[in-house]
Structure formats: C-alpha cells, structure tokens
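Below: the structure, in structure tokens.
The chains referred to below are lettered A, B, ... by the order of the sequence lines, with proteins before strands, and numbering in each begins at 1.
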Amino acid sequence: TQLLEQSPQFLSIQEGENLTVYCNSSSVFSSLQWYRQEPGEGPVLLVTVVTGGEVKKLKRLTFQFGDARKDSSLHITAAQTGDTGLYLCAGVIAGSGGGADGLTFGKGTHLIIQP
Amino acid sequence: ETGVTQTPRHLVMGMTNKKSLKCEQHLGHNAMYWYKQSAKKPLELMFVYNFKEQTENNSVPSRFSPECPNSSHLFLHLHTLQPEDSALYLCASSQVASQGSYGYTFGSGTRLTVV
C-alpha cells in the first residue's frame, strides 16, 4: 500500500492550459514538500507546506495543503514547455519523532507540456 | 562548489566488484541521507545520518554499507550487488532544528548499473 498516492500518474497537455495534480494519503503529515525532477538529475525542492489549509504561490504554481494535513495539490496556470518534468510530493509523517526526518515519497506525476 | 555533489554520475559494476559512491554537501547542513530511486517505484529512504550518527537504516541489505566521517561527507560502499540493485542513488542533506528538518537538498545522483 502506497503511503502517498499521486494522481494522475501521467499527464500530457498543450502549452497554455491549466492543470492540477494531487497527492493524497490516509496519514497525517507534519509537513509536505513538492519537488520537480528532470531526467538524470535529482529532485529540486519547489515548496514546503506545514500548516493545514496553507496556500503558497510560486509564480504560476499554486500549492495547497489540505485542512487535515493528509493531502495536497499543485495547480499550474498557463503551462509552459519548461514545466515538463516529474513532480513528486514527499512528506514527514506527524509524530515521527523529529530530528533528521527521512521523507516519504509518492511515485510522482510525469507531466509533459506540448508546444 | 555549492549544494550537494555526488560522484561518480554513472557507474557500471559487476556483481563481484566493490565500489563506493561519494556525496559532499557545501550547505552547512547537519543531516545527510541516501535514497534509492528505481523505475516505477517511489524514492526509498535507505539511511539517515544526524550529526554523523546513523539514526535510521530502513532494512537495507548488508551489501550496502554507509559511512559518514563528518557532517559534510557521506559514502555508500557497495559489494556483491545484484542486478536488481541497479537504480539511481540519491544523496540529500538537510538542517535539523527542534521542529524538524528543513532545506532538503538533493544531489544529481549516481546512476548505477549492476551487470
């Protein structure tokens, strides 16, 4: 059983369209992060959300943390070809003890933006 | 040099070989991690080091042996690996504070192929 379920697994849309990808769990997370990974490279941190209901914006990207801290979404407005990549959500399970926290990852959403 | 640097970027090794992966972070972080990324699977946490002390070993086979001589360097020693160990091995670092870890930064990874 996957602790963090991401959907959709694959998404291909035209440049200029809007899209939303989701990250869901039955567990509560003390924090949740979104990463973007390009082929042959490591994941690059986009945002960290820590408060239930929190919304953060990064240019055309909007991230939301669910009120119960069990889910999150990433919305991209007017997608560009440069947004193509693997989007990963990862989190620290609440009550996991603090200190150095290993992250639990979802499988990711492969996003392709067609010109 | 900035960020997290991993060497080598690519490694092909036979099942009877012994090799080591190296990771160096230039961020002043106090925690370092090894993750394994295989096709169609989420990133899997392997080892966690907090202030040079190993705090987590996620049931990793003994053919993988980590070493953390100081808070800036992390090694993964490999011996008698199996073909199913072929994957992208990612190193990460973070800063541990009382409320948890932040500033997670990944290296570009070592693409390992076991033949």
Does NZ in A:Lys57 sit with more than 12 non-hydrogen atoms of other residues, nucleotides or ligands closer than 6.0 Å?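 Counting neighbours around NZ of A:Lys57, 12 or fewer heavy atoms of other residues, nucleotides or ligands fall under 6.0 Å, so no.
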Treat each ILVMFWY residue as a node, draw an edge where side-chain heavy atoms are under 4.5 Å apart, and state whether [X] and [Y] are in one component.
{"X": "B:Phe75", "Y": "B:Tyr49", "result": "no"}
{"X": "A:Leu61", "Y": "A:Val21", "result": "yes"}
{"X": "A:Ile93", "Y": "A:Val49", "result": "yes"}
{"X": "A:Leu74", "Y": "A:Val47", "result": "yes"}
{"X": "B:Tyr89", "Y": "B:Val12", "result": "no"}

Donor-acceptor pair, B:Tyr104 side chain versus A:Thr48 backbone, under 3.5 Å? no
Contact class of [X] relative to chain A, heavy atoms under 4.5 angstrom:
{"X": "B:Phe47", "value": "neither"}
{"X": "B:Leu45", "value": "side chain"}
{"X": "B:Gln6", "value": "neither"}

For the residue pair B:Pro42 and A:Leu3, establish whether any side-chain heavy-atom pair is separated by less than 4.5 Å.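 No. Closest side-chain heavy atoms not under 4.5 Å.
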Relative to chain B, which segment of [X] carries a heavy atom at a distance below 4.5 Å: side chain, backbone, both, or neither?
{"X": "A:Glu38", "answer": "neither"}
{"X": "A:Gln37", "answer": "side chain"}
{"X": "A:Leu88", "answer": "side chain"}

Can you see which heavy atom on B:Leu90 is nearest to which on A:Gly42, and at what distance?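 Smallest heavy-atom distance, with atoms named: CD2-CA, 3.7 Å.
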I need the A:Phe105 CZ to B:Tyr35 OH distance, nearest 0.5 Å. 5.5 Å
What option among A:Leu45, A:Thr104, A:Leu103 has the most heavy-atom pairs under 4.5 Å with chain B? A:Leu103
If you count heavy-atom pairs under 4.5 Å with chain A, which of B:His10, B:Gln95, B:Lys41, B:Gln37 comes out on top?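 If we count pairs closer than 4.5 Å to chain A, B:Gln37 comes out on top.
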